[in-house]
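Beneath this line is the structure, given in structure tokens, with notes to follow.
Computed from a prediction, not measured in an experiment: that's the story for all the values here. Every heavy atom of this structure was used, including side-chain atoms; hydrogens, water molecules and symmetry mates were not.
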Amino acid sequence: MKRWSQFFVPTLKESPSDAEIASHKLLIRAGLVRKLGGGLYTFMPMGLRVMQKLSALCREELERENPEHGRAGAIELWMPHLHPADNWEQGPRWAAAREIMFRADHAGAGKGRAREPEFVLGPTHEEVITPLVKQEITSYRDLPKNFYQIGTKFRNEIRPRYGLMRAKEFVMMDAYSFDADDDGAIKSYLAMKAADEAFFRRVGVKAIAVEADTGVMGGSFSHEFMVPAEVGDDDVIYSDAGYAANREKATSALVPADLADAAPAGEVEKFATPGVATIAQLAAEPYSVPGDAQFKTLVYMGDGKPFLVVLRGNDELEEAKLGALGFTLFRPATADEIAPVLGARPGSLGAVRGTIKDPAALAGVFADHAVRLIGNGVTGANEDGFHLRHVNVTRDLAITKFGDFRRVRPGEPCPRSGQPLQSRRGIEVGHIFKLGTKYADKFGAAYTDDHKQSHPMVMGCYGIGISRTLQAVIEQSHDADGIIWPWAIAPFQVLICLLDPKLPEALALAEQLAAAAEAAGADVLLDDREERPGVKFKDADLIGVPLRVVVGGKGLQAGVIEVKPRAVKEALKIPVADATEQLAGLVRAAASAVTV
RNA sequence: CGGGGUGUAGCUUAGCCUGGUAGAGCGCCUGGUUUGGGACCAGGAGGUCGUAGGUUCGAAUCCUAUCGCCCCGACCA
């Protein structure tokens, strides 16, 4: 039991001016965190308690054995936060990952040896765990294994945002599974997905698993855990049939599987379009070519070589989907890079065979499936101020490969059910990847099987943003008065508001109640401050403790105390004689409702 | 990194346009009256006006630079 007067809960009446969203304001007003600098936060005693509870639940769920998948539980370890830059240089994503890493020097750098070793602050730990496992595990008998840690991660976020939501330094659970083969890796993946789901369920936050893009991490498939919230950074595309995917990854059944190729509608014909540089201009008078009858040709640079992406005029490129093409780094090409290859400036570009000035320079022409819906359409002539009409997809376009590159729009048919797709914002609180052998190959993490054959280990990696989850819970569970903590992670589960701390019998009863609640399994905060009742009630709502008990002189005269769950309006009056017993009962009921 | 905004007491802020005494509320300290939803009265402490230059007799205010922070975009747990 903690006494408020002796503890430290610095609440604020007003929101700091730099907090924008509800959860960020409440984090600070309720005294959970304080800002050191952009994206850097001190966890105050109350905030730390929540973090510790989240971590404890996370450990429990990860370490639980998973007989359904034949998996043992994950094993905790602790890796350095400071990594030799060498590890990253040897890994598969140095070029892409260095952008977000902090480089660390020691304060005396330059005064000692001519060449100082370089260090980075770890943004994640594949580059550390994989060499470790290579060194320690060489036999199939030691597989599968799944290691995890809960610790600080450092990412030089280009733009920290919304308090803990996107911070430069944050707390993450990261786990890494190592399996002998792909089937095993899938089992590990599913076991971790189940563990994460169990974790979020026990925390008391609604987080849904959605299909996700693998991004810089690489790998073959991936899910994100999303907490639905307007302030989230991601769009989740979903249907009532249970399909859910990050917009970056989402597809639709817009193009029927049995769509026949359109027959040519006539000879390709060049026509002058002076000054026309956009889809909209071509759609307007006097040309009047609807956007969805135009081919849009985009030029990107993939690992130094240009490639084309062809979309319907009204469709937008979903840039993340270009990741499937296998380039390490890609970016839009500049006009100066485009002209020598295609022969025209943006606005008159096309992918029609024979019009591309230097087709050999291209790393490929990739067309979205949806262009097949156009059949015959209009596109740039690769000659400034000219377009081509009657361009037939199969006859005329120099397509290397079709793929899914367009951004899905709400209302399109769900790929599973055909129901209209919907969209909502979400906060990404977890992300799991089946990595395959990408890292194992690079670091030589291999094992010997029972036929003396060597194979690369098949990996998976799994992250949960612990500090971000803390804020996501607040975002999802608050009202105008403050936070409404779920029981399992509340900094305290019972708050005893002692309205008359100077009244000896009131203090004695409050302490007795505190002891009873504690014995029943709750963490108890006793508000023994010499404050007016209004202040105590406001603070109680603000800090969001799930069960509030009021002990006051007036109640005692009437022979009652009050108990009120944070989430409801009406308080329960309980006779003093039954108080300890009933409170203990309420605590036990609340606790058992959330464990398991 | 591009675009927008903003720095005044522990917090929220007024003053800046149109240069001359830096003001309020909350919080804090002392005393008193209060005490079931952020009390009241009296008194008090606390500010190099982000920083550095410049203009001026005189700069929180005008100019320049710089730093921090916030928001929008790309990135991510």
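Checking B:C75, B:G36, B:C70 against the side-chain heavy atoms of A:Asp233 singles out B:C75 as nearest. Between B:C71, B:C69, B:G38, one nucleotide has an atom nearer to the side chain of A:Asp18 than all others, and that is B:C69. With B:A39, B:G36, B:C76 as the choices, the nucleotide that has an atom nearest any side-chain atom of A:Leu499 turns out to be B:G36. In this structure, of B:A77, B:G38, B:C72, it is B:C72 that holds the atom nearest to the side chain of A:Arg161. Of the candidates B:C11, B:C70, B:C75, B:C75 carries the atom nearest the A:Glu157 side chain, counting heavy atoms from C-beta on. Of the listed nucleotides (B:C71, B:A77, B:G38), B:G38 has the atom at the smallest distance from the side chain of A:Lys13.
Across all strands, A:Gly38 comes closer than 4.0 Å only to sugar-phosphate atoms, never to a base (heavy-atom distances). Residue contacts for A:Lys35: at a heavy-atom cut-off of 4.0 Å it reaches the sugar-phosphate backbone alone, with no base atom in range. Within the nucleic acid shown, A:Asp541 comes within 4.0 Å of at least one base atom, counting heavy atoms only. No engagement by A:Ala19 is indicated, since no non-hydrogen atom pair under 4.0 Å with the nucleic acid exists. Here A:Glu562 lies in heavy-atom contact (under 4.0 Å) with a base. Within 4.0 Å of A:Thr469, counting heavy atoms only, lies no atom of the nucleic acid at all. When heavy atoms are screened at a 4.0 angstrom cut-off, A:Arg29 is found touching base atoms of the nucleic acid. Base engagement by A:Val535 is indicated by at least one non-hydrogen atom pair under 4.0 Å involving a base atom. Looking at heavy-atom distances under 4.0 Å, A:Arg548 makes contact with a base. Among the atoms of the strands shown, none is found under 4.0 Å from any heavy atom of A:Gly553. Residue A:Asp174 is out of contact with every strand shown, counting any heavy-atom pair closer than 4.0 Å. If you check every strand for non-hydrogen atoms under 4.0 Å, A:Val550 touches a base. Residue-level contact check: A:Asp234 touches the bases, meaning some heavy atom is under 4.0 Å from a base atom.
Cation-pi geometry between A:Arg49 and A:Phe492 is met: the NZ or CZ atom falls under 6.0 Å from the ring centre, inside 45° of the normal.
Rounded to whole Å, atom C1' of B:U12 lies 12 Å from atom NZ of A:Lys25. Taking atom NZ of residue A:Lys554 and atom P of nucleotide B:G36, one finds them 4 Å apart after rounding to whole Å. Atom CZ in A:Arg532 sits roughly 9 Å away from atom P in B:G37 (whole-Å rounding). Per the geometry, CZ belonging to A:Arg529 stands 10 Å off P belonging to B:C28, to the nearest Å. A straight line from CE of A:Met165 to P of B:C72 spans 11 Å, rounded to a whole angstrom. Between A:Glu248 atom CD and B:C76 atom C1' the separation is 10 Å, expressed in whole Å. Remark: P of B:C70 and CZ of A:Arg159 are 9 Å apart, rounded to the nearest angstrom. Taking atom CG of residue A:Leu542 and atom P of nucleotide B:G37, one finds them 18 Å apart after rounding to whole Å.
For A:Lys206, the NZ atom is loosely surrounded, since the number of other residues' heavy atoms within 6.0 Å does not exceed 12. In this structure, A:Glu230 places its CD atom where only 12 or fewer heavy-atom neighbours from other residues, nucleotides or ligands lie under 6.0 Å away.
Counting heavy atoms from C-beta outward, A:Met51 and A:Ile466 have side chains that approach closer than 4.5 Å. Within the 4.5 Å cutoff, side-chain heavy atoms of A:Asn246 are placed close to those of A:Met226.
Here B:G31 sits opposite B:C41 as a Watson-Crick or G-U wobble pair (both hydrogen-bonding atom distances under 3.5 Å). Base pairing of B:U12: its partner is B:A24, meeting the Watson-Crick or G-U wobble criterion (both donor-acceptor distances under 3.5 Å). Judged by Watson-Crick or G-U wobble contacts below 3.5 Å, the nucleotide B:C62 has B:G54 as its partner. Within the shown strands, B:U6 is the pairing partner of B:G68 under the Watson-Crick or G-U definition, both distances less than 3.5 Å. Pair check for B:C1 finds B:G73; Watson-Crick or G-U wobble, both atom distances under 3.5 Å.
Applying the side chain to side chain contact (heavy atoms under 4.5 Å, CB included) test between A:Glu505 and each of A:Leu507, A:Leu503, A:Leu509 identifies A:Leu503 as the sole match.
With C1' as the reference atom, B:U48 and B:C29 are 24 Å apart, rounded to whole Å. Separating the P atom of B:G31 from that of B:C70 is a span of 41 Å, rounded to the nearest Å. To the nearest whole angstrom, the two P atoms, one in B:A42 and one in B:C26, are 12 Å apart.
Between A:Tyr189 and A:His223, the angle of the ring planes lies from 30° to 60°, which puts this pair in the tilted group.
In terms of phosphate contacts, A:Ser17 brings no side-chain nitrogen or oxygen within less than 4.0 Å of OP1 or OP2 of B:C70. Phosphate contact (OP1/OP2 of B:G38, side-chain N/O of A:Lys536, threshold under 4.0 Å): absent. The side chain of A:Tyr162 contributes an N or O atom lying less than 4.0 Å from OP1 or OP2 of B:C72.
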>> Let's go through A:Tyr176 and A:Tyr439 carefully: what are the C-alpha distance in whole Å and the side-chain angles of both, what is the deciding distance for ring-ring contact (aromatic ring centres under 6.0 Å, His included) to 0.1 Å, and is it a yes or a no?
In response: CA-CA 11 Å; A:Tyr176 308 90; A:Tyr439 292 86; 8.9 Å; no
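Applying the 3.5 Å distance criterion, the base of B:G38 shares no donor-acceptor pair with the side chain of A:Glu531.
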